[in-house]
Amino acid sequence: MDTFAFIIHPIDPKRDVSRKFPLLGRVLNERQIDFFSTFFPPVYISEIEGIKSESTGKEINGWFIACPYTPRRMMELPERTVYHKIIQTGRLAEKLGANILGLGAFTSVIGDAGVTIAKHLDVPVTTGDSYTAAVAVDAIREAAYVMEIPLHTATAAVVGATGAIGQVCAELLADDVERLYLIGRRQDALEELRERLKVRARAEIIVSTRMDVLSDAQLILTVTSAIHDVIRPEHLQPGSVVCDVARPRDASAMVAAARDDILVIDGGMVDVPGPVDFHFNFGFPSGKAYACMAETIALALEGRFEDYTLGKHLTRQRVEEIDGIAKRHGFRLSGFRSFEREVTQEQIDAVRHNANHSRKMRVAQM
Ligand SMILES: NC(=O)c1ccc[n+]([C@@H]2O[C@H](COP(=O)([O-])OP(=O)(O)OC[C@H]3O[C@@H](n4cnc5c(N)ncnc54)[C@H](OP(=O)(O)O)[C@@H]3O)[C@@H](O)[C@H]2O)c1
């Protein structure tokens, strides 16, 4: 049977460590977990069973393995040290006999986004970023539809636009909308991206290093590698949609709590084909996975055992190809969720209603 492995790591240190080691999660505080994670070896988490392609009937198994570092630790430690730990974790995948290895969350963000890691391992590696981009853009399109925001006249924004996922999402959205903000921290990199995109983009492209321009956007796709939230409630216009792909999140629960007139959705969750059992609770309802996990699984179902998405420059061709492969095997965008809860039609109706009210209040105050 073909197999895959996927590297996860603690994102919210206390919550995530408790999921595997309840006692440690209880007695250690966040700073202690950060500190001790440096000395922890890679951890075997679970076997994944029950995945079955809808089109070919092929069944595969996999494993979750964990790199113990938290995002903060990965940013603080020297790159070489972090690579070393991820490669060690990858060797565990090789010992288990995995045919392909996926890099979850920050293990794909660090350094050159998987290139060095893949060079040091025999097992083929993918970051999962191509399918993450495909699913994020699909989610924004779908959210625009349910919120009755016409895409072709919409103003959208990509936050973290100069990043690996952000760049290619911007490229795809530039075909859909009328105006597109590219938001990041480095003006020169943003301008370079605008020059590249504007050659074939339908949208007018505006670059900014300021978050307050978000008040112009109806559709916001946010995908930074910040370790704290970067989107504030006061940045947003009534009726707008925030699709948050980043882990840790860019939009905190406070944004949704403070604003009942905007829709905040999690980017990157998909239904997995077959009666899958992950034998580990990573915070999703059963049968659902992050898009980056899904890319790894889809490649295993397809028998594409090669380095697939690596590096900081994703191509639109790869995004479209993996989207096709995943669809064929039965992966689907998984409704909307917001902060680990399903978004119901009633909530969407309420957001639209509250947005109309907020707009009227704003006009009345002018
Ligand atoms: N949901 C999923 O399935 C899934 C899958 C894969 C990855 N992810 C998440 O997606 C995010 C991005 O991944 P990536 O590979 O695209 O990362 P990346 O290539 O490192 O890009 C990150 C971008 O974020 C920007 N940034 C970093 N810190 C910031 C801050 N404090 N304020 C504003 N912008 C900031 C960076 O700007 P500079 O260019 O100025 O550094 C860069 O443009 C990560 O959170 C990762 O965990 C999610």
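Both backbone and side-chain heavy atoms feed into the values below; hydrogens, waters and symmetry mates do not. Numbers here are sequence positions counted from 1. We count ligands from 1, going down the list as the structure has it; atoms in each ligand are counted the same way.
- Close approach to V230 involves these atoms of ligand 1, each under 4.0 Å from a residue heavy atom: 32 (N).
- If you check which protein heavy atom lies closest to atom 15 (O) of ligand 1, you get D129 OD2, 3.6 Å.
- For the residue pair V270 and A294, the shortest heavy atom distance occurs at CG2-CB, 3.5 Å.
- E295 places a side-chain N or O within 3.5 Å of a backbone atom of Y131 that can act as its donor or acceptor partner.
- Looking at R247, R185, Q167, it is R185 that brings a heavy atom closest to atom 29 (C) of ligand 1.
- The line from CG of L190 to CZ of R185 is 11.0 Å long, rounded to the nearest 0.5 Å.
- In the vicinity of A164, heavy-atom distances shorter than 4.0 Å reach the ligand 1 atoms 15 (O), 16 (O), 18 (P), 19 (O), 21 (O).
- Close approach to A105 involves these atoms of ligand 1, each under 4.0 Å from a residue heavy atom: 47 (O).
- Close contacts of ligand 1 with V109, meaning ligand atoms under 4.0 Å from a residue heavy atom, involve 13 (O), 15 (O), 17 (O), 20 (O), 44 (C), 46 (C).
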Next on the checklist: With salt bridge (charged side-chain N to carboxylate O under 4.0 Å, His left out) as the criterion, how do D112 and K119 come out once you've worked through the C-alpha distance, each side chain's angles and the decisive distance to 0.1 Å?
Outcome noted: CA-CA 11 Å; D112 55 17; K119 239 183 240 157; 5.8 Å; no
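- To the nearest 0.5 Å, atoms CG (L180) and CG (L172) are separated by 10.5 Å.
- Of all protein heavy atoms, the one lying nearest to atom 22 (C) of ligand 1 is S225 OG, 3.3 Å.
- A donor-acceptor contact shorter than 3.5 Å is absent between the side chain of K360 and the backbone of A355.
- Near K312, meaning under 4.0 Å from any of its heavy atoms, are these atoms of ligand 1: 18 (P), 19 (O), 20 (O).
- Within the structure, ligand 1 has A291 among the residues with a heavy atom less than 4.0 angstrom away.
- Distances between N or O atoms of I165 and those of ligand 1 include at least one value under 3.5 Å.
- Residue S108 has no nitrogen or oxygen atom sitting less than 3.5 Å from a nitrogen or oxygen atom of ligand 1, judged on distance alone.
- If you check which protein heavy atom lies closest to atom 10 (O) of ligand 1, you get V223 CG2, 3.6 Å.
- Among all protein heavy atoms, the one lying closest to atom 44 (C) of ligand 1 is T224 O, 3.6 Å.
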Next on the checklist: Using the rule given for side chain to side chain contact (heavy atoms under 4.5 Å, CB included), can you reason through I65 versus L96, listing the C-alpha separation, both sets of side-chain angles and the distance that settles it, and then say yes or no?
Outcome noted: CA-CA 10 Å; I65 48 182; L96 288 164; 3.9 Å; yes
Checklist entry - Going through the distances and angles, do V230 and M211 end up as a side chain to side chain contact (heavy atoms under 4.5 Å, CB included)? => result CA-CA 8 Å; V230 293; M211 288 289 179; 3.9 Å; yes
Checklist entry - Can you check side-chain hydrogen bond (donor to acceptor under 3.5 Å, both in side chains) on D34 and T70, steps first, answer last? => result CA-CA 6 Å; D34 260 346; T70 59; 2.3 Å; yes
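- Residue contacts with ligand 1 include G267, since one of its heavy atoms falls under 4.0 Å from the ligand.
- If you look at T127 next to ligand 1, there are no close heavy atoms at all, none under 4.0 Å.
- Considering backbone and side-chain atoms alike, G163 places an N or O below 3.5 Å from some N or O of ligand 1.
- Which of G114, P248, A226 comes nearest to atom 31 (N) of ligand 1 through a heavy atom is settled by distance: it is A226.
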Next on the checklist: Applying salt bridge (charged side-chain N to carboxylate O under 4.0 Å, His left out) to R318 and E171, what does each step give before you reach the verdict?
Outcome noted: CA-CA 13 Å; R318 276 269 130 130; E171 186 176 345; over 6 Å; no
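- When each atom of ligand 1 is checked for a heavy atom of C292 under 4.0 Å away, the hits are 3 (O), 5 (C).
- Side chain of D244 to backbone of D250: a donor-acceptor contact under 3.5 angstrom is found.
- Under a 3.5 Å cut-off, the side chain of R259 and the backbone N or O of P233 do form a donor-acceptor pair.
- In terms of protein heavy-atom proximity, atom 39 (O) of ligand 1 is closest to R186 NH2, 2.7 Å.
- Considering backbone and side-chain atoms together, V245 places an N or O closer than 3.5 Å to an N or O of ligand 1.
- In the candidate list T162, I11, D250, T162 is nearest to atom 43 (O) of ligand 1, counting heavy atoms.
- Aromatic ring centroids of Y290 and F284 lie under 6.0 Å apart.
- Of all the heavy atoms of T132, the ones lying under 4.0 Å from any atom of ligand 1 belong exclusively to the side chain.
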